[in-house]
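Just below is one structure, and these are the notes that go with it.
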Amino acid sequence: MLHITDDISIEDWELSEQFVRASGPGGQNVNKVSTAVELRFEAARSPALPGPVKTRLRRLAGRRWTTEGALILQCDETRSQARNRDIVRQRLAELIRAALVAPKRRIATKPTLGSKKRRLKAKKVRGDVKAMRGRVNPDE
């Protein structure tokens, strides 16, 4: 069981881990030992997460979200399988905590009179600069 907050925890059946060989240099260790961890969290079917949290989690996950609604996280940072397992579980917990925070609703405000005047003045100055460009008459 993975505890996210006091009231949200993920059951073991929702998580599946697969150990694969890590990529990159490392000699005999990397060729023999499967230390990299691939954690699969069935987020879409999870009863622990409310609907809006799942939607925000899907947006945060990006390409790590599969078409079946699973979240796949990978870690091959350390040579220890147990340490990689802990890291990937921490990452999942952080991602879910980030999805728990609802974004603030934007309150629409009118532009101030000063900002309108500054904008129009800037447009006028820019127009004058562009109007000065062009052919120069030698007579004048």
Side-chain angles (χ1 to χ4, degrees):
M1 184 178 287
L2 180 66
H3 293 284
I4 308 299
T5 60
D6 294 336
D7 53 342
I8 293 179
S9 57
I10 295 168
E11 299 295 327
D12 289 333
W13 67 266
E14 299 174 73
L15 300 172
S16 61
E17 291 170 341
Q18 187 177 358
F19 299 100
V20 291
R21 281 188 227 155
S23 63
Q28 290 179 348
N29 189 68
V30 79
N31 295 333
K32 289 192 301 188
V33 187
S34 298
T35 55
V37 180
E38 189 175 275
L39 181 77
R40 184 180 177 95
F41 170 50
E42 300 295 335
R45 297 188 304 153
S46 175
L49 302 178
V53 174
K54 288 180 188 176
T55 308
R56 288 192 293 269
L57 184 63
R58 182 178 187 165
R59 189 172 291 120
L60 285 171
R63 289 175 52 210
R64 296 174 291 190
W65 189 276
T66 64
T67 52
E68 301 92 43
L71 178 65
I72 297 175
L73 298 173
Q74 294 172 325
C75 180
D76 61 350
E77 289 175 15
T78 66
R79 290 175 63 171
S80 165
Q81 192 181 74
R83 182 74 188 113
N84 282 338
R85 193 169 173 230
D86 292 341
I87 291 170
V88 81
R89 283 174 171 257
Q90 285 173 359
R91 283 187 193 159
L92 176 64
E94 287 167 12
L95 203 61
I96 293 171
R97 281 190 207 104
L100 286 171
V101 179
K104 283 186 179 179
R105 287 192 56 88
R106 185 186 176 279
I107 300 166
T109 57
K110 289 183 179 177
T112 61
L113 184 63
S115 69
K116 285 182 190 174
K117 286 184 178 177
R118 282 190 299 274
R119 185 180 129 266
L120 292 175
K121 185 175 182 241
K123 283 169 70 82
K124 179 78 176 137
V125 168
R126 190 76 184 137
D128 291 343
V129 167
K130 289 189 174 191
M132 294 297 284
R133 294 181 187 156
R135 295 213 177 268
V136 178
N137 250 350
D139 300 341
E140 295 172 7

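Each residue takes its place number in the sequence, starting with 1. Being a predicted model, the structure only gives us computed values, none of them experimental.
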Rounded at 0.5 Å granularity, tell me how far [atom1] in [X] sits from [atom2] in [Y].
X: Cys75; Y: Gln90; atom1: SG; atom2: CD; value: 9.5 Å
X: Phe19; Y: Leu39; atom1: CZ; atom2: CG; value: 9.0 Å
X: Arg91; Y: Ile96; atom1: CZ; atom2: CD1; value: 14.5 Å

Candidate pair Phe41 and Ile72, rule side-chain contact (heavy atoms from CB on, under 4.5 Å), full reasoning: CA-CA 6 Å; Phe41 170 50; Ile72 297 175; over 6 Å; no

Residues in side chain to side chain contact (heavy atoms under 4.5 Å, CB included) contact with Gln74, at least two apart in sequence or another chain: Glu38

Taking all non-hydrogen atoms of both residues into account, name the closest pair between Leu95 and Leu60 and its distance. O-CD1, 4.0 Å

Closest heavy-atom contact between Ala48 and Pro50? O-CD, 3.8 Å

Does Asn84 reach the main-chain N or O of Val37 with its side chain, forming a donor-acceptor pair under 3.5 Å? no

Please list, chain by chain and in numerical order, all residues satisfying salt bridge (charged side-chain N to carboxylate O under 4.0 Å, His left out) with Glu94, sequence neighbours excluded. none

Tell me every residue that passes side chain to side chain donor-acceptor pair (under 3.5 Å) with Thr112, counting only those two or more places apart in sequence or in another chain. Ser115

Who are the side chain to side chain donor-acceptor pair (under 3.5 Å) partners of Ser80, not counting sequence neighbours? none

Following the transitive rule for hydrophobic clusters with a side-chain heavy-atom cut-off under 4.5 Å over Ile, Leu, Val, Met, Phe, Trp and Tyr, establish whether Leu73 and Ile87 coincide in one cluster. no

Shared hydrophobic cluster for Val53 and Leu71 (ILVMFWY, side-chain gaps under 4.5 Å): yes

Selection residues 103-125 - residue pairs positive for salt bridge (Lys or Arg N to Asp or Glu O under 4.0 Å), sequence neighbours left out: Lys124-Asp128

May I have all residue pairs that pass salt bridge (Lys or Arg N to Asp or Glu O under 4.0 Å) and include part of residues 51-74, sequence neighbours excluded? Arg40-Glu68

